[in-house]
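One structure is given below, encoded as structure tokens.
Everything numeric here is computed off the predicted structure, so don't read it as measured data. All values below were derived from every heavy atom in this structure, side-chain atoms included, with hydrogens, water molecules and symmetry-related copies excluded. Position 1 is the first residue of the sequence; numbering continues from there.
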Amino acid sequence: MRKSTSFFNSTVGRKIIVALSGLFLCSFLVLHLYINLFALRADAGVTDSEFNTYAHFMATYPLLRPMEWILFGGFFLHAILGIVLAVKNRQARPVQYEMNKPSENSSWVSRLSWLTGIFVGVFLVVHINTFFVQSRFFDHRPMIKLIEDAFRSRTYVIFYLIALAFLALHLKHGIQSAFQTLGLRVGKYQKLIEAVGIIFWLLIPIGFALIPLYFLFENK
């Protein structure tokens with residue numbers, strides 16, 4: 001028990017937990033995008049469309065309830081420990097030396113990962129309330145109808161696209177950092193990890209961006 005506590009409280013232990021929780025959340029992004037892309041083929045008036053079938057299954061299948069708590073726990077753990085690590089790093093360098101040149105030691109994406117993470121966190125709160133909370137507790141219309149209404153708002157779509165840009169920046173640093181923390185970003189795995197990184201920080205955000213743009217301009 002004491003060993004597990006000391007691991008959790010150590011900088012190395014926190015970095016490993018942030019890395020593992022981040023990779024877990026990345027796997028959720030893949031599944032989430034796969035299901036959401038079916039919305040491009042759905043019709044709000046067709047109750048047996050593939051997307052509505054998936055949405056109904058995700059909302060009603062009882063064995064998925066524990067997975068929701070695990071997912072929320074992963075988000076919470078990743079966010080809290082990420083903030084703790086950012087604060088600890090700043091406390092370790094309380095004096096900014098005159099000759100210190102951050103740009104020579106790390107990329108601007110790395111230095112601003114805490115900011116991109118905070119913006120993504122704010123977006124997730126809004127996003128979860130717009131869809132998950134509303135469909136589960138308040139608005140019981142088909143999910144495709146909620147999506148259509150939300151993404152026909154130009155303001156919400158702009159906010160959504162900006163959030164995806166911040167997500168891309170966060171993933172660009174996070175994927176590489178996670179594999180490096182786990183000791184896997186070496187030798188023959190380097191090129192593979194870079195390719196995986198491009199899929200996550202570039203292609204997945206583009207995939208998510210297609211959905212609001214489709215509904216925004218569908219009836220233009």
Side-chain angles (χ1 to χ4, degrees), residues 17-18 20-40 42 44 49-84 86 113-171 174-175 178 200-201 203-216:
I17 294 172
V18 168
L20 291 175
S21 60
L23 293 176
F24 166 70
L25 295 176
C26 284
S27 68
F28 168 74
L29 279 178
V30 175
L31 176 63
H32 193 49
L33 176 60
Y34 172 76
I35 294 175
N36 281 11
L37 286 176
F38 281 103
L40 301 180
S49 70
E50 291 168 293
F51 179 78
N52 285 331
T53 300
Y54 278 127
H56 179 73
F57 174 79
M58 298 293 288
T60 59
Y61 191 58
L63 293 181
L64 290 178
R65 299 291 79 76
M67 289 303 300
E68 289 178 354
W69 286 105
I70 292 173
L71 182 61
F72 287 136
F75 279 123
F76 184 78
L77 189 64
H78 186 77
I80 294 299
L81 289 185
I83 293 172
V84 169
S113 61
W114 62 273
L115 179 60
T116 57
I118 289 175
F119 192 94
V120 170
V122 172
F123 163 73
L124 284 175
V125 172
V126 176
H127 189 65
I128 289 171
N129 177 67
T130 302
F131 297 108
F132 177 82
V133 174
Q134 293 300 318
S135 65
R136 181 65 59 84
F137 303 107
F138 301 106
D139 193 333
H140 299 294
R141 291 178 298 165
M143 178 62 74
I144 187 61
K145 184 59 179 175
L146 295 179
I147 290 176
E148 286 181 345
D149 289 347
F151 288 151
R152 281 172 180 158
S153 165
R154 189 177 298 273
T155 300
Y156 188 79
V157 170
I158 291 173
F159 170 67
Y160 190 93
L161 295 178
I162 292 174
L164 286 176
F166 275 85
L167 175 63
L169 292 175
H170 194 70
L171 290 172
I175 292 289
F200 275 96
W201 74 260
L203 299 184
I204 286 182
I206 288 175
F208 277 111
L210 293 175
I211 301 168
L213 291 174
Y214 170 81
F215 286 108
L216 180 64

*Given side chains that start at C-beta, do those of Phe200 and Val30 come closer than 4.5 Å, heavy atoms only?*
yes

_Shortest non-hydrogen contact between Cys26 and Ile175, atoms and distance_ = SG-CD1, 3.5 Å

*Can you name the closest pair of heavy atoms from Phe72 and Ile128 and give their distance?*
CE2-CD1, 3.9 Å

_Nearest-0.5 Å distance, CZ of residue Phe166 to CD1 of residue Ile118_ = 10.5 Å

*Do the non-hydrogen side-chain atoms of Ile206 and Leu164 ever get within less than 4.5 Å of each other?*
no

*Has Phe76 got more than 12 heavy atoms of other residues, nucleotides or ligands less than 6.0 Å from its CZ?*
no

_Nearest-0.5 Å distance, CZ of residue Phe123 to CD1 of residue Ile162_ = 11.5 Å

*asked:* To check you understand the geometry: which heavy-atom pair defines the closest contact between Leu161 and Ala209, and what is its length?
replied: CD2-CB, 3.7 Å

*For the student: nearest non-hydrogen atoms of Ile211 and Phe151, plus distance*: CG2-CE1, 3.8 Å

*Test side chain to side chain contact (heavy atoms under 4.5 Å, CB included) applied to Leu146 - qualifying residues, sequence neighbours left out*: Phe131, Ser135, Asp139, Arg141, Met143

*Carefully, step by step, assess Phe24 and Leu20 under the rule side-chain contact (heavy atoms from CB on, under 4.5 Å).*
CA-CA 6 Å; Phe24 166 70; Leu20 291 175; over 6 Å; no

*Assert yes or no for the condition that the ring centre distance of Tyr156 to Phe215 is strictly below 6.0 Å.*
no

*asked:* Within this structure, what is the CG-CG distance for the pair Leu203 and Leu33, rounded to the nearest 0.5 Å?
replied: 10.0 Å

*Would you say the ring centroid of Phe208 lies under 6.0 angstrom from that of His32?*
yes

*Measure the CG-CG distance between Asn129 and Leu124 for me, rounded to the nearest 0.5 Å.*
12.5 Å

_Plane angle bin for His170 and His78 - parallel if under 30°, tilted between 30 and 60°, otherwise perpendicular_ = perpendicular

*Nearest-0.5 Å distance, CD1 of residue Ile204 to CG of residue Leu167*: 8.5 Å

*Please work out which of the three classes, parallel, tilted or perpendicular, describes the rings of Phe132 and Phe137, given edges at 30° and 60°.*
perpendicular

_Closest non-hydrogen atom pair, Thr130 against Ala150_ = CG2-CB, 4.1 Å

*Which atom pair, heavy atoms only, marks the closest approach of Val18 to Gly82?*
CG2-N, 3.9 Å

*asked:* Using side-chain heavy atoms (C-beta onward) and a distance below 4.5 Å, is Asn36 in contact with Phe51?
replied: yes

*Sub-4.5 Å side-chain heavy-atom contact between Arg152 and Leu216*: no

